[in-house]
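In what follows, every heavy atom counts, from backbone to side chain, and hydrogens, waters and symmetry copies are set aside.
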Amino acid sequence: MNDVDARAVAVFGGFQGEFRKVHRAAYEPVQLDGVARIYDTAAEAETAAWRALKAHLCGEIVRSGDKASAARSQAEELFGKVFPGKGRKPVEVVRR
């Protein structure tokens with residue numbers, strides 16, 4: 001069973017923070033612009049790994065980190081409340 005985790009790994013020149021996602025078995029390094037970051041202490045590296053994991057998990061609340069489309073809010077600006085809450089019928093929009 002895969003669990004989320006974060007750790008600091010000693011590398012040449014310092015420590016590298018790594019985190020493991022729920023749906024992956026391998027650890028991924030903390031990166032900045034596609035390059036793995038090297039930290040001076042193990043505590044800094046592990047803290048950065050936990051923060052990267054948190055950012056990843058919170059970013060995937062809406063489809064793999066993509067932001068929700070603005071099309072819905074633009075439609076509601078044009079036509080009013082087009083998409084009502086759960087259990088209610090959608091408003092039929094007639095354009096004149």
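Scanning for side-chain contact (heavy atoms from CB on, under 4.5 Å) contacts around E28 gives F19, K21, R24, with sequence neighbours left out.
When all heavy atoms are compared, the tightest approach of A45 to Y39 is CA-CD1, 3.6 Å. The heavy-atom pair separating A42 from A8 by the smallest distance is O-CB, 3.4 Å. Nearest approach of A6 to E46, heavy atoms of both residues: O-OE2, 3.9 Å. When all heavy atoms of L53 and R20 are compared, the closest pair comes out as CD1-O, 3.8 Å. A pairwise comparison of heavy atoms in D40 and F15 identifies O-CD1, 3.6 Å as the closest pair. Contact between A52 and V30 at its shortest, heavy atoms only, is CB-CG2, 4.2 Å.
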Item to check | Criterion side chain to side chain contact (heavy atoms under 4.5 Å, CB included) on D5 and Y27, from CA distance to verdict | outcome: CA-CA 8 Å; D5 192 22; Y27 282 88; 2.6 Å; yes
